[in-house]
Protein chains: 2
Amino acid sequence: MNPELEKVRDSFIETMGQLSMSLGLSQVVGQLYALLYLSNKPLSLDDMVEILEISKGNASVNIRELERWGAVRRVWVKGSRRDHYESESDVLKVVLNRLKDGLQRRINNTMDAIGKMSELINEGKKEFSATEKKTAMIYIERLNEIKEFRSVIRGFLRNVSEFIPEKDKLQRRS
Amino acid sequence: MNPELEKVRDSFIETMGQLSMSLGLSQVVGQLYALLYLSNKPLSLDDMVEILEISKGNASVNIRELERWGAVRRVWVKGSRRDHYESESDVLKVVLNRLKDGLQRRINNTMDAIGKMSELINEGKKEFSATEKKTAMIYIERLNEIKEFRSVIRGFLRNVSEFIPEKDKLQRRS
DNA sequence: TTAATTGTTTAGAACCTACTAAACATATTA
DNA sequence: TAATATGTTTAGTAGGTTCTAAACAATTAA
C-alpha cells in the first residue's frame with residue numbers, strides 16, 4: 001500500500017480512537033470502527049488484527065462490543081470461513097441513542113436513590129430532636145431541588161431524541 | 001449527628017460521587033460538591049477531609065477543580081484563617097456548559113485532523129497509480145461524510161445552549 | 001524570630017482497566 | 001477419526017490513574 005495513503009488511514013484510525021476514548025469508550029472500539037468505515041470491502045478479524053497490530057482476543061471482544069450496539073454488522077463473504085464485518089451507516093444515530101440511554105439510566109439511578117433518602121428521613125422524623133429536625137428540613141429541601149431537575153432533564157432528552165437524524169438523511173456506501 | 005441523618009447524607013454523597021464518575025469526572029469531585037450542597041454553612045477543607053475520610057492533598061486538588069469550573073465558591077468566614085467553600089447554585093448550567101465545551105473541543109480536534117488528511121491526499125494525488133487513486137477516492141468520500149457531520153453537531157450544540165436554563169429560574173439558598 | 005497553622009506539591013503505593021498470550025471450544029476439512 | 005482453522009475465554013501483566021503521607025511553602029501568631 002502507498003505509504004502516503006497508509007499514513008492517512010492510520011491518522012484517521014488514530015483520530016477516531018481518540019474520539020472514542022474521549023466519549024468514554026475504549027480506544028480499540030473507535031479504531032476498529034474507523035478501519036471498517038474506510039474500507040470498501042468487509043474485513044475479517046485477522047485483517048484487523050494485522051492492521052491495528054493488536055491481539056486476536058482484544059479484537060474479538062471489541063468487535064463484539066461494536067456489534068452489540070449495532071455500529072458494525074457481520075457479513076458473509078463467499079468462499080471464506082471467517083467472520084467478516086462492515087460498518088453500519090447510521091452510527092451517529094446509534095451513538096446518540098447510546099449517550100441518551102446512558103444519561104437516562106444514570107438519572108434514573110440517581111432519582112431512585114434520592115427517593116429512598118426522602119423516605120428514610122420521613123420514617124425517622126418522629127424521634128428527631130429540634131436540631132435534627134432543622135437539618136432534616138434542609139436535606140429534604142435539597143433533595144426536592146434535585147427531584148425538580150428530573151423534568152428539566154426529561155425535556156433535554158426529548159430534545160436529543162428529536163435531534164437524532166433519520167437514517168435516510170445520511171446515505172452511504174456505493 | 002443523628003445516625004439516620006448521617007446515613008442519608010452519606011447516601012447522597014455516594015450517589016453524587018457515582019454520578020460524577022459516570023460523567024467522566026472524579027468521584028471525589030462529586031462527593032465534595034454533594035457535601036457542600038447539603039450543608040447550610042460553608043465548610044473548610046479540614047471539615048471535608050474529616051467527613052469524607054480522604055487525604056488533605058486529595059481534597060485540595062479536587063476542590064480547586066470544582067472552583068476552577070465555577071461549581072463551588074470560596075467564601076470568607078469571620079474569625080477563621082481557613083478557606084471555606086460553598087456550592088454554587090446553578091450547577092446544572094455549569095455542568096451542561098462543560099459538557100458542551102468538551103464536545104465542541106473534541107469535534108474541533110477531529111475536524112482539524114480530518115482536514116489535514118484531505119490535504120495530504122490531495123498533495124500526493126499526482127503520483128498515485130490507478131489502484132491508489134481508487135483508494136484515495138474512497139478515503140476522500142468518507143472524510144467528506146464526516147465533515148458533513150460538523151453542521152449536524154453544530155445544530156445539536158445550539159440545541160443544548162438553548163436548553164441551558166437561566167440562573168434565576170432555579171433559585172436556591174435561604 | 002521562632003513556632004504554629006494552613007494549603008499545595010510530590011514521590012511512591014494501591015488500584016483499576018485494558019491488553020496479550022495461551023489455553024480452550026467449536027466447526028470444518030481431509 | 002485426526003488435523004486444521006477459527007473465534008472466545010482467561011490468567012497474568014503492563015500501564016495509567018488516583019490516592020495517601022510527607023515534605024514543602026506561605027502566612028499568621030507569639
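Naming convention: chains lettered A, B, ... in sequence-line order (proteins, then strands); numbering from 1 in each chain.
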Quiz item: Rounded to whole angstrom units, what separation is found between the CG atom of D47(B) and the P atom of dT5(C)?
Solution: 16 Å
Quiz item: Taking atom C1' of dT17(C) as reference, at what distance in whole Å does atom CD1 of I54(A) sit?
Solution: 16 Å
Quiz item: So which heavy atom on S87(B) is nearest to which on L36(B), and how close?
Solution: OG-O, 3.8 Å
Practice problem: Determine which pairs satisfy salt bridge (charged side-chain N to carboxylate O under 4.0 Å, His left out) with at least one residue from residues 29-57 of chain A, sequence neighbours left out, and list them in order. | Solution: D46(A)-R82(A)
Quiz prompt | Selection residues 109-119 of chain A - residue pairs positive for side-chain hydrogen bond (donor to acceptor under 3.5 Å, both in side chains), sequence neighbours left out | solution = S118(A)-K147(A)
Self-check item: By side chain to side chain donor-acceptor pair (under 3.5 Å) - contacts of E65(B) (at least two apart)
Solution: R68(B)
Exercise. To the nearest Å, give me how far apart CD (E53(A)) and P (dC19(C)) are.
Key: 15 Å
Exercise. Counting heavy atoms from C-beta on, name the nucleotide in dC19(D), dT20(C), dT20(D) closest to the side chain of V28(B).
Key: dC19(D)
Self-check item: Non-neighbouring partners of R106(B) that pass side chain to side chain donor-acceptor pair (under 3.5 Å), sequence neighbours left out
Solution: S22(A)
Quiz prompt | Whole angstrom value for the distance that separates C1' of dT20(C) from CD of E50(A) | solution = 18 Å
Practice problem: Mind checking side chain to side chain donor-acceptor pair (under 3.5 Å) for N122(B) and listing every partner two or more places apart, or none if nothing turns up? | Solution: K125(B)
Quiz item: What integer distance in Å separates L43(A):CG from dT6(D):P?
Solution: 15 Å
Self-check item: d(CD, Q27(A); C1', dA14(D)) in whole Å
Solution: 15 Å
Exercise. May I have the distance from E65(B) (atom CD) to dT18(D) (atom P), rounded to whole angstrom?
Key: 10 Å
Quiz item: Can you check the M48(A) CE to dT6(D) C1' distance for me, whole Å?
Solution: 13 Å
Short N/O separations, protein against nucleotides 6-12 of chain C, under 3.5 angstrom:
unit_1, atom_1, unit_2, atom_2, d
dT6(C), OP1, R82(B), NE, 3.3
dT6(C), OP2, R82(B), NH2, 2.7
dT6(C), O5', R82(B), NE, 3.4
dG7(C), OP1, D83(B), N, 2.9
dG7(C), N7, K56(B), NZ, 2.7
dT8(C), OP2, S60(B), OG, 2.7
dT9(C), OP2, R64(B), NH1, 2.9
dT9(C), OP2, R64(B), NH2, 3.1

